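Encoded as structure tokens, the structure appears first; notes follow it.
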Amino acid sequence: MTNEITPEYKKAVLTVLYQLADDDYLFSYRGSEWLGLAPHIEEDVAFSSITQDTMGHAKLYYTLLEELGEGSADSLAQLRPKEERCNSLLVERPNGEGYYKEAPNYDWGYAVARNYIYTTAKKAKIDALKASSYAPIREVAVKISTELYYHQMHWTTWFTQLCTATEESRSRMMKALQEVIKDAGDLLSFGKSVKHITACELIESEVAIKERWLAIVTPTFEAVEIAIPVLPDPIINGRDGQHTDDLTSAIETMSEVYRSDLAASW
Amino acid sequence: MSVVTQLSEQELQEQFEARIAAGEKIEVDDWMPEEYRLALIKLISMHGISEIMGALPEKEWVPKAPTLYRKLGIMAKVQDEMGHGQLLLRVAEDLLKPYGKNRGDLMIDLFEGRLKFHNVFHMETKSWGDAGLIGWLVDGSAIISQTNMLGSSYGPYARALQRICAEEVFHAQHGEAIIMALVEGTPEQRALVQDALNRWWESLLFFFGPASKDTTGTSKQDITIKYKIRVQTNEELRQSFLSKYIPRIQSIGLTVPDPTLHFDEAQNKWIYQEPNWEIFKKIQRNEGPCSQERLALRRSSYENNAWVREALTALVN
């Protein structure tokens, strides 16, 4: 199948890869801002390990894009303007008030809720990608699965514990979950190219993936006795290049050194 | 206290000293003189908390690392440092048990200035060149000072250091790779490294501490050498650093910002311009360029996460 791909098929592959790459890239960036600020040292080690894995996943996707002639993986990660990015709204939201270097006022409840929802959604997608018609995506999905297993376990543990520990922690988690779900409308969306992507059998339909996601989260929500959230319609759809200014400032920070000399080798 | 107990106490002390002299390892549940325990607590808790505070200056460059490859490298490195902190604080916690203190108390000690973090982590970082230089020369210095304690008489510390040193070697290589890419790059990239070296030179001399307590009024090196927790003096370590790194710094075309620096064959040692030890003393009082800022970062995360600690405690109880 991959030996001779039609331009139409290739277009669908690129769309899927950009969404996956940009999601993990931004998610990892938000994680790296937390470095050194987690509730305890063991968590700092675990969280930064997950963040590092996730950057590795983004690199896998950007490398596939590079191999398809889209430009270097680094320039794809660092230089594309906001309008060309395909990440979901959820990952571009800041961790909280304040810049990561000066007086960051980050909420661990929001971090846990976001990481839990993002990771379970990622799990649903990765499982759905294992049957992709495009072999390189299938291979990457299998590779990522082994690490994702631990990420999911980690965030499910935190989510469950904080939802059930104390009255305060439960109420904080309910509030955080609300914030997260409000932004999660485009998380399992493929944007306007959805029909084409599905027709090319690159991934299952949005409906099928949503069902996978529900099957993953249902036991957890039942265990903590919280109603399973309904993913809303997207406020804006990141898959179609609709983004907030938070993404612009994130890209500026991430690419500051790289942009200082594009011809240089770093 | 009865005579019998007094005698046995003395016997214990003699036995302990004999074990140290014979090169035996002391373990956490073994009897040890309080002076030894306190020296270990001070050393290891400071070492552990320094690993954690040391993540903060480098963390500034994690999101900004220029390429995907460098992003992965520096993430792995800083994660290791946090891991070292965790390992060391566990060792310190075991020693603290008889005093009924734990890691939480160490954090409070840090915030209230009773527990210091290493002088090198009070400094400002200004460029990606600094991120490379920290990995190359600060971690290079750490390898020298930690290798000095690899044979420590305290078993748990010696074992932790073995693992830490193995990872630090990787860190120094990571830093060296960043530096090599920069010095072989454009004139501007090269200038980044020279500028970083100029700004960090004094800190690198401070790194190993004063030569003796005459310089700054206090030094715990005598007691740690007496109990075979470490082998070499601060100045011997600094000389090792200079011997190892001056040729490397010069071979890549960088200039050490000290015109007086030279190796004196007759004395068989490096002669260098003494750094301003008054600045060192200020850093020790948490009055360095970024002391308060980094403490504030750590403190605010501790306060912001108070509800999480309460929740976790409730789950255990």
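Predicted, not measured: the structure shown is a model, and the values here were computed from it. Quick note on labels: first sequence line is chain A, next is B, and so on, each numbered from 1.
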Cation-aromatic face contact Lys59(B)/Trp34(A), 6.0 Å, 45 degrees: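 No.
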Heavy atoms from other residues, nucleotides or ligands near [atom1] of [X] exceed 12 (cutoff 6.0 Å):
X	atom1	answer
Lys82(A)	NZ	yes
Lys282(B)	NZ	no
Arg90(B)	CZ	no
Lys182(A)	NZ	yes
Tyr150(A)	OH	no
Glu84(A)	CD	yes
Arg309(B)	CZ	yes
Tyr149(A)	OH	no

Any salt bridge between Arg103(B) and Glu42(A), counting N to O under 4.0 Å? yes
Greatest number of heavy atom pairs closer than 4.5 Å to chain A - which of Ala306(B), Ala311(B), Ala181(B):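 The answer is Ala311(B).
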Going by heavy atoms in the side chains, are [X] and [Y] under 4.5 Å from each other?
X	Y	result
Ser28(A)	Met75(B)	yes
Tyr25(A)	Leu68(B)	yes
Lys59(A)	Lys71(B)	no

Checking side-chain polar atoms at under 3.5 Å, does Asn105(A) have a donor or acceptor matched by the opposite partner on Asn304(B)? yes
Is it true that a side-chain atom of [X] and a backbone atom of [Y] form a donor plus acceptor pair closer than 3.5 Å?
X	Y	value
Asn305(B)	Leu37(A)	yes
Lys64(B)	Tyr258(A)	no
Gln86(B)	Val45(A)	no
Gln79(B)	Leu35(A)	no

Contact class of Thr67(B) relative to chain A, heavy atoms under 4.5 angstrom: both
Measuring heavy-atom distances to chain A, does Ala76(B) have an atom under 4.5 Å in its side chain, in its backbone, in both, or in neither?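 It is both, since atoms from each part get that close.
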Closest contact, heavy atoms only, [X] versus [Y]:
X	Y	answer
Gln52(A)	Leu72(B)	O-CD2, 3.4 Å
Ala314(B)	Ala165(A)	CB-O, 4.3 Å
Met82(B)	Ile41(A)	O-CG2, 3.6 Å

Which portion of [X] sits near chain B, non-hydrogen atoms under 4.5 angstrom:
X	answer
Glu256(A)	side chain
Ser49(A)	both
Arg170(A)	neither

Take Asp107(A) and Trp307(B), measure what side-chain contact (heavy atoms from CB on, under 4.5 Å) needs, and give me the verdict at the end. CA-CA 10 Å; Asp107(A) 173 31; Trp307(B) 69 273; 3.8 Å; yes
CG-CG distance between Leu312(B) and Leu162(A), expressed to the nearest 0.5 angstrom: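 CG of Leu162(A) is found 6.5 Å from CG of Leu312(B).
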Rounded to the nearest 0.5 angstrom, the OG-CG distance for Ser260(A) and Leu192(B) is 7.0 Å
Heavy-atom pair count under 4.5 Å with chain B, highest-scoring of Phe47(A), Tyr62(A), Tyr106(A), Tyr100(A):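 Option with the greatest count: Tyr100(A).
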So which of Ala73(A), Ala38(A), Pro39(A) has the largest heavy-atom pair count under 4.5 angstrom toward chain B?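 The answer is Pro39(A).
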Kindly indicate, with the supporting measurements, whether the criterion side-chain contact (heavy atoms from CB on, under 4.5 Å) is fulfilled by Ile178(B) and Trp266(A). CA-CA 7 Å; Ile178(B) 294 174; Trp266(A) 293 97; over 6 Å; no
When you look at His40(A) and Met107(B), which way does the side-chain contact (heavy atoms from CB on, under 4.5 Å) test go after all the steps? CA-CA 11 Å; His40(A) 51 67; Met107(B) 284 296 163; over 6 Å; no
What verdict does the side-chain contact (heavy atoms from CB on, under 4.5 Å) test give for Tyr29(A) and Val62(B), after you've listed the backbone C-alpha separation in whole Å, the side-chain angles of each residue and the deciding distance to 0.1 Å? CA-CA 9 Å; Tyr29(A) 168 68; Val62(B) 170; over 6 Å; no
